[in-house]
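Beneath this line is the structure, given in structure tokens, with notes to follow.
Residue numbers begin at 1 in each chain, while the letters A, B, ... track the order of the sequences. Hydrogens, waters and symmetry mates play no part in the numbers below; they use all other heavy atoms, side chains included.
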Protein chains: 2
Amino acid sequence: MGVFSRTCEYAMRAVFFIAHRTPEGTRVGIKDISEGIDSPAHFLAKILQDLSRRGIIHSAKGPNGGFYMTEEDLSRPLSDVVEAIDGVQIFKGCALGLKQCSEKNPCPLHHEFKAIRNDLTKLLNGTSIKSFNEDLLNGMTSLKK
Amino acid sequence: MGVFSRTCEYAMRAVFFIAHRTPEGTRVGIKDISEGIDSPAHFLAKILQDLSRRGIIHSAKGPNGGFYMTEEDLSRPLSDVVEAIDGVQIFKGCALGLKQCSEKNPCPLHHEFKAIRNDLTKLLNGTSIKSFNEDLLNGMTSLKK
DNA sequence: ACAATTAAAGAGTTTTATATCTTTAATAAA
DNA sequence: TTTATTAAAGATATAAAACTCTTTAATTGT
């Protein structure tokens, strides 16, 4: 596995996909999303239910229903998605999994690893979903599987 | 979970522990190691068998047997341990898990994430186990659970 | 009111990671 | 050559992650 769990990868891709596909109040269904990001539909449904419950995305049932994101949703940092799915360990945890690891009692990787973790935090915490989406809309980046 | 799997965390801690405890041709047993790094003994045994098979550490059976590391082992980069256990995804994989992600077809995180991955690679690939061990021996860092 | 559409919820199954227990093989020392 | 000691190997067991299927609830349009 990479840095994030597969579930988290799906979640991020789905969020970008939804942002990209629902510019003005429109909605996009689970089938479209799961096909668009190449993920198992039912599994993704669970993930999006979770994100929806947490208010990270929104949904509506019934005809013309589906998932969408409000302006507020779009202005959140991507770290909210990661934290919702994978938790905070990735931003705070010791590389070696040591509970006692700290500035005062650093593990052999502590200082250098902290710098890397901080960069990751800065990237995910400091950039809104909207701004990632702008790169998508401008064709500068892609979600092609 | 953090950046590395739990198995990989145990592996790294064990490698540091072995390096620290076997300065001159001595060996250290699985019981000592598992207690020293706070990991399940039998599970760690499997992990060390794996590392041993791959030549990342060495072992000897029988009385006064145990695990140890040669000078060559000590001069390897820590990335060898990580790669043996968690694979290369963490050094090479797309943050979103996209197979097609590349310089030409970058995902929304691609460029910034690449920089972070490269820093991680530089840290783990560019530093020998021996040099991490020196910090341990000097008391500059610690493996305290 | 009814039928169609959609997400939510519930209840699984399968796969992978983590962990345990037992038996075997190798080595060393007596 | 026997006994003690140690890792290796094999066989499960348990827990968590990933995935699937079915039923329910909400909403819309007729």
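- An OP1 or OP2 oxygen of dT6(C) is reached within less than 4.0 angstrom by no side-chain nitrogen or oxygen of Asn64(A).
- In this structure, Asp38(A) atom CG and dC19(D) atom P are separated by 11 Å, rounded to whole Å.
- In this structure, the nucleotide among dC19(D), dC21(C), dC21(D) sitting nearest to the side chain of His42(B) is dC21(C).
- Between dA8(D) and Ser52(B), a contact under 4.0 Å exists linking OP1 or OP2 to a side-chain N or O.
- Under a 3.5 Å cut-off, the side chain of Asn118(B) and the backbone N or O of Ala115(B) do not form any donor-acceptor pair.
- A salt bridge links Arg54(A) with Asp50(A); the closest basic N to acidic carboxylate O contact falls under 4.0 Å.
- Residues Lys31(A) and Glu35(A) are paired through a salt bridge, judged by an N-O separation under 4.0 Å between the basic side chain and the carboxylate.
- Within the 4.0 Å cut-off from OP1 or OP2 of dC19(D), at least one side-chain nitrogen or oxygen of Tyr10(A) is found.
- One interatomic measurement links the two molecules: CD1 of Ile57(B) to C1' of dT6(D), which rounds to 14 Å at whole-angstrom precision.
- Clustering ILVMFWY residues whenever any of their side-chain heavy atoms sit less than 4.5 angstrom apart, transitively, puts Ile33(A) in the very cluster that holds Leu98(B).
- Counting to the nearest Å, the C1' atom of dA16(D) and the CD1 atom of Ile85(A) are 15 Å from each other.
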Would His110(B) and Thr141(A) satisfy side chain to side chain contact (heavy atoms under 4.5 Å, CB included), going step by step from the backbone distance to the final call?
CA-CA 8 Å; His110(B) 187 78; Thr141(A) 60; over 6 Å; no
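- In terms of position on DNA chain C, the residue among Pro63(A) and Gln49(A) whose nearest nucleotide sits closer to the 5' end is Pro63(A).
- Residue Arg27(B) is classed as having no contact, given no heavy-atom separation below 4.0 Å to the nucleic acid.
- The residue among Ser59(A) and Leu44(B) whose nearest nucleotide of DNA chain C is located toward the 5' end is Ser59(A).
- A donor-acceptor contact under 3.5 Å links the side chain of Lys46(A) to the base of dA9(C).
- Nucleotide dT5(D) holds its C1' atom 15 Å from the CD1 atom of Ile30(B), rounded to whole Å.
- The residue among Ile33(B) and Arg6(A) whose nearest nucleotide of DNA chain D is located toward the 5' end is Ile33(B).
- Contacts of Ala41(B) with the nucleic acid, taken as non-hydrogen atoms under 4.0 Å apart, are absent.
- Spacing between atom CG of Leu51(A) and atom P of dA9(C) amounts to 13 Å, rounded to whole angstrom units.
- Regarding contacts with the backbone of dT18(C), a side-chain N or O of Thr7(B) is found under 4.0 angstrom from either OP1 or OP2.
- The distance from atom NZ of Lys61(A) to atom P of dG29(D) is 17 Å, rounded to the nearest whole Å.
- A straight line from OH of Tyr68(A) to C1' of dT27(D) spans 13 Å, rounded to a whole angstrom.
- Between dA9(C) and Arg53(A), a contact under 4.0 Å exists linking OP1 or OP2 to a side-chain N or O.
- Counting to the nearest Å, the P atom of dG10(C) and the CG atom of Asp50(A) are 14 Å from each other.
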